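Read through the structure below, which is laid out as C-alpha cells, and then see the notes.
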Amino acid sequence: MTLPTSELADGMPTCDFTIVGATGDLSLRKLVPALYRREAEDQLRPGTRIIGVSRSDLDDDGYRAVVGEALAHHIGDELDPVVVVRLLARVHHLVLDAATPDGWHLLHHLLKEGDPDAVRVFYLATAPALFGPICHRLDEIGVVDPSARVVLEKPIGTDLASARAVNDAVGQVFDEQQIFRIDHYLGKESVQNLLVTRFANTFLEPLWNSRWVDHVQITVSETLGVGERGDYYDGSGALRDMVQNHLLQLLCLVAMEPPTYVGRETVRDEKLKVLQALKPMSADDVDRDTVRGRYGQGLADGVAVPSYTEELGRPGSATETFVALRAEVQNWRWAGVPFYLRTGKRMDRKISEIVVVFKEPPHAMFPHHEGTQPSPAANRLHIQVQPDEGMQLHMTAKEPGPGGIRLRPVSLDLSYATAFDARMPDAYERLLMDVIRGNPTLFMRRDEVEAAWTWVEPILRRWSVTPDRPRRYPAGTSGPTAAATLIERDGRTWQESDHD
Ligand SMILES: NC(=O)C1=CN([C@@H]2O[C@H](COP(=O)(O)OP(=O)(O)OC[C@H]3O[C@@H](n4cnc5c(N)ncnc54)[C@H](OP(=O)(O)O)[C@@H]3O)[C@@H](O)[C@H]2O)C=CC1
Ligand SMILES: O=C1O[C@H](COP(=O)(O)O)[C@@H](O)[C@H](O)[C@H]1O
C-alpha cells in the first residue's frame, strides 16, 4: 500500500481534527491543552486543522478567544505565546446543533477545502445520546472515508443494552478499526509502565500468580466532589463512572497474560480474557462483596464542604459516590486471589494506586526482639499511578548493629520524577496522537466494553432492588466503615500509601 505523502515522516499524518462539543469542559480542560502541548513539540503536521463544533454562537475568532483563555487557565505560566499563535492559526469553529439535520453542509464544505490527504478525526465530546445521531449525519454528508476515525468518550452506555445500542449505531457508519473508545487511564504513563514492568523484566513473572500473591488492591480516590457534572453523575454513580472502565482496565493490566507482542489487537485480546474470567456476582455475592457509599458534609483540604445531595440539590438521590468491592479472576494464574477495588469522590486524598501484596514467608526463622516487628512483613509492590508516579517495593531488612538480628521494614523506591527528570505528559496527549496515527492499542474494543458491562450489570441490578441506600461517609475521609470491614473480614487491611 502506498501512503499519501502526508502520512510519511514520523508516522503523523496531516489531520482535520473535528471536536463536536468543542466548548465543553472536557474539550477546554483536556483536549485543547493536550493539542497545545503536542504543537509545542512540533508534532502537529503543517495543514493540520482543529475544527470545533458546538451550538454556541462563535465564529472562528470567537472560538480562538475561548481556546486562548482555556490555555491561559490550564497551562498557566509555561504558556509560550509563539506556540499559541501557531495553534490558534489551525482553529476553526462551526455553529451546529448535532441533534438536528441543519447546517451540516458547513462541515462538509470546510473538510473539502482542506488537504485532500488529511486524516479525518471526529472526536465526540458530547453526551453519548448524540453519538449515534452525529455519526449518522457525518455519513449523510459524505465525510466518512476509509481513513476517517471517530473517538468516543466514556460512558459508552449506562448498561449492556444501551452500550450495545451505541456501538450498533456508531458501527453502522464506522468499522470497528475506525472506532477509538477512550479510557484515559490507559494513556497515563504509569499505567503503560505497568505493562513494561511486568513484561520487560523477568524477576516479577515467576511471582505474579496465586502461588506467591496473596491479594491485589486497586484504589482510585479523589478529593473533588461532583462539581458542575452533577447532572451526568447523578445518573451514573461511581460504579458506572469509574469501576466499569478505569478500575477494571487497571485490573486487566495487572492480571493479563503476556501477549506475544504489543500490537493493536494482542493487548486487547489479553485484557478481554481477563474480563471474561471475572467471577460473575450472584445477588448474595453483591450483598456480601460490594459496599456503596455517598459523601456527607465534611472537609476538603481543610474547608467545610456540603454533602453530595446538598451539592446536587436533590435530597432524594440514591446515587453512590463510593464503591468498594471484592472481585476474583477465575483462571489458572489467579484462582483464589482476591482483587479489592475501591473508588470514591470527596475522600481524604487524591491518589490512584495498585498494591500487589505477596504472601508472607512460609516460616518465621528470625528470633523476635522487643520493639521490632515479630516476623517479616509480607512484601508489597505499590504502583503509584498518580500523583508522584512511581513504584515502591516494600521489603524487610536487618537493622544495622550488633547484638542479634532485628527486622525493619524498608522500601526500594522508584520515582519517575527522579529517574527521568522529564515532564509527565497528560494521558490525552498520548491518546490524541495515537488516534491521529491510527494506533488503537490503548483504546477499548467493543467486546471489552461489553464484557465489562456484563460483569457490572448484576451489581447494578441487585443494588436497584435492595432498599439500603449508599452508606454515608463524611467528606474528607477514606469512605464508609463498611469498606474497611469488607477487607478486614478476610484478615487483610487497605494499604494506605506513604505518599500524600
Ligand atoms: N468533563 C470530563 O472530565 C469528562 C467528560 N467525559 C465525557 O465527555 C463528554 C463531554 O463532557 P463535558 O465536556 O464534561 O460536557 P459539557 O456539558 O461541559 O460539554 C458538552 C459540549 O457539547 C456541546 N453540545 C451539547 N449539545 C450539543 C448539540 N446538540 N450539538 C452540538 N454541540 C452540543 C456543548 O456546547 P453547546 O452547549 O455550546 O452546544 C459543549 O461544547 C461526555 O460524554 C462526558 O461524559 C468523560 C470523561 C471526563
Ligand atoms: O473519567 C473520569 O475520571 C475522573 C478521574 O480522572 P483522573 O485522571 O483525575 O484520576 C473522574 O473525576 C470523573 O468523574 C470520571 O468521569
Side-chain angles (χ1 to χ4, degrees), residues 18-34 51-58 62-63 66-67 70 74 93-104 106-107 122-134 137-138 151-158 166 181-191 218-250 308 319-323 343-347 349-353 384-387 389 424 426-428 431 444:
T18 302
I19 306 175
V20 188
T23 51
D25 173 71
L26 180 78
S27 297
L28 297 178
R29 197 165 51 84
K30 289 291 185 184
L31 307 187
V32 160
I51 302 169
V53 171
S54 77
R55 295 168 303 183
S56 298
D57 188 14
L58 295 166
Y63 184 57
V66 171
V67 168
H74 295 294
H93 183 264
L94 294 177
V95 184
L96 255 182
D97 182 344
T100 73
D102 307 330
W104 285 86
L106 298 173
L107 180 60
F122 301 101
Y123 197 117
L124 309 193
T126 64
L130 289 173
F131 291 174
I134 292 171
R137 299 291 170 221
L138 294 173
V151 187
L152 306 182
E153 261 302 340
K154 61 166 275 263
I156 311 284
T158 51
V166 170
R181 297 177 190 82
I182 280 225
D183 183 312
H184 76 275
Y185 263 65
L186 296 178
K188 290 184 190 276
E189 285 289 332
S190 44
V191 173
I218 300 177
T219 298
V220 177
S221 74
E222 300 183 76
T223 50
L224 292 177
V226 287
E228 302 298 309
R229 298 181 69 216
D231 277 345
Y232 151 74
Y233 193 88
D234 202 47
S236 170
L239 189 72
R240 291 185 175 98
D241 186 49
M242 296 296 288
V243 176
Q244 188 272 344
N245 35 76
H246 307 321
L247 276 86
L248 286 185
Q249 286 293 317
L250 293 180
Y308 172 74
T319 299
E320 80 287 352
T321 61
F322 174 96
V323 177
T343 183
K345 292 203 181 283
R346 279 274 189 252
M347 293 181 65
R349 54 193 177 158
K350 166 122 181 122
I351 200 164
S352 301
E353 66 178 353
Q384 190 90 13
V385 174
Q386 65 183 18
E389 293 83 347
M424 295 293 279
D426 185 78
Y428 279 93
L431 296 173
M444 291 189 293

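Whatever order the structure lists them in is the order used to number ligands and atoms, beginning at 1. All values reported here derive from a predicted model rather than from experimental measurement. Numbering starts at 1 and runs along the sequence shown.
Of all atoms in ligand 2, listed by their number and element, those nearer than 4.0 Å to a heavy atom of Lys350 are 7 (P), 9 (O), 10 (O). Close approach of ligand 2 to His184 is summarised as follows: ligand atoms under 4.0 Å from at least one heavy atom of the residue are 1 (O), 2 (C), 3 (O), 6 (O), 7 (P), 8 (O). Near Ala99, the atoms of ligand 1 lying under 4.0 angstrom from a non-hydrogen atom of the residue are 29 (N). Atom numbering of ligand 2 starts at 1 in the shown order; those under 4.0 Å from a heavy atom of Lys188 are 7 (P), 8 (O). Close contacts between ligand 2 and Lys154 involve ligand atoms 1 (O), 2 (C), 15 (C), 16 (O) [criterion: under 4.0 Å to a heavy atom]. Counting the atoms of ligand 2 from 1 in the order shown, those under 4.0 Å from a heavy atom of Arg229 are 13 (C), 14 (O), 15 (C), 16 (O). Close approach to Arg29 involves these atoms of ligand 1, each under 4.0 Å from a residue heavy atom: 1 (N), 2 (C), 3 (O). In the vicinity of Pro128, heavy-atom distances shorter than 4.0 Å reach the ligand 1 atoms 43 (O). Distances below 4.0 Å separate heavy atoms of Met242 from the following atoms of ligand 2: 2 (C), 3 (O), 11 (C), 15 (C). Residue Glu222 has at least one heavy-atom neighbour below 4.0 Å for each of these atoms of ligand 2: 5 (C), 11 (C), 12 (O). Within ligand 1, the atoms closer than 4.0 Å to a non-hydrogen atom of Pro155 are 45 (O), numbered from 1 in the order shown. When each atom of ligand 2 is checked for a heavy atom of Lys345 under 4.0 Å away, the hits are 11 (C), 12 (O), 13 (C), 14 (O). Heavy-atom proximity to Ser54, at under 4.0 Å, picks out these atoms of ligand 1: 32 (N), 35 (O), 38 (O), 39 (O).
In this structure, Trp104 and Arg137 have side chains that are in contact, with non-hydrogen atoms separated by less than 4.5 Å. Annotation: side chain of Leu138 is in contact with side chain of Phe122 (closest heavy-atom distance under 4.5 Å). Taking the side chain as every heavy atom from C-beta outward, Met444 and Gln249 approach each other to under 4.5 Å. Side chains of Asp102 and Asp97 form no contact here, defined as non-hydrogen atoms less than 4.5 Å apart. For the pair Tyr123 and Leu26, the minimum side-chain heavy-atom distance is below 4.5 Å. Side-chain atoms of Lys30 and Asp426, non-hydrogen and from C-beta on, do get closer than 4.5 Å to each other.
Nearest protein heavy-atom neighbour of atom 10 (C) of ligand 1: Ala125 O, 3.4 Å. With hydrogens left out, the protein atom closest to atom 18 (O) of ligand 1 is Asp25 N, 2.9 Å, a heavy atom. Of the protein's heavy atoms, Asp97 OD1, 2.8 Å lies nearest to atom 29 (N) of ligand 1. In terms of protein heavy-atom proximity, atom 12 (P) of ligand 1 is nearest to Leu26 N, 3.9 Å. At the top of the distance list for atom 9 (C) of ligand 1, counting protein heavy atoms only, stands Thr126 O, 3.5 Å. If you check which protein heavy atom lies closest to atom 38 (O) of ligand 1, you get Ser56 OG, 2.5 Å. For atom 19 (O) of ligand 1, the nearest protein heavy atom (residue, atom name, distance) is Gly24 CA, 3.2 Å. Among all non-hydrogen protein atoms, the one lying nearest atom 27 (C) of ligand 1 is Arg55 NE, 3.5 Å.
Using bins of under 30°, 30° to 60° and over 60° for the plane-to-plane angle, the ring pair His184/Tyr428 lands in the parallel bin.
When Lys154, Glu153, Lys30, Arg229 are checked for heavy-atom proximity to atom 4 (C) of ligand 1, Arg229 turns out nearest.
Remark: ligand 1 and Gly21 share an N or O pair separated by less than 3.5 Å (distance only, no angle test). Not one N or O of Leu130 is nearer than 3.5 Å to an N or O of ligand 1, by distance alone. Any N or O atom pair closer than 3.5 Å counts here, and Tyr428 shares no such pair with ligand 1. Among the atoms of Ala98, some N or O lies under 3.5 angstrom from an N or O of ligand 1. The N/O atoms of Thr23, backbone and side chain alike, include one that comes under 3.5 Å of an N/O atom in ligand 1.
A donor-acceptor contact closer than 3.5 angstrom links the side chains of Ser352 and Tyr185.
Under the 4.0 Å criterion applied to side-chain N and carboxylate O atoms, Lys154 and Asp183 are not assigned as salt-bridge partners.
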Quick one, Asp241 with Ser236, criterion side chain to side chain donor-acceptor pair (under 3.5 Å). Give me CA distance, side-chain angles, the key distance, then yes/no.
CA-CA 6 Å; Asp241 186 49; Ser236 170; 4.6 Å; no
Val53 vs His93, side chain to side chain contact (heavy atoms under 4.5 Å, CB included): CA-CA, chis, key distance, verdict:
CA-CA 6 Å; Val53 171; His93 183 264; 5.9 Å; no
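Considering Leu124, Val151, Leu130 as possible partners of Val20, the one that fulfils the side-chain contact (heavy atoms from CB on, under 4.5 Å) test is Leu124.
Looking only at distances, a side-chain donor or acceptor of Arg240 sits under 3.5 Å from a matching main-chain atom of Thr158.
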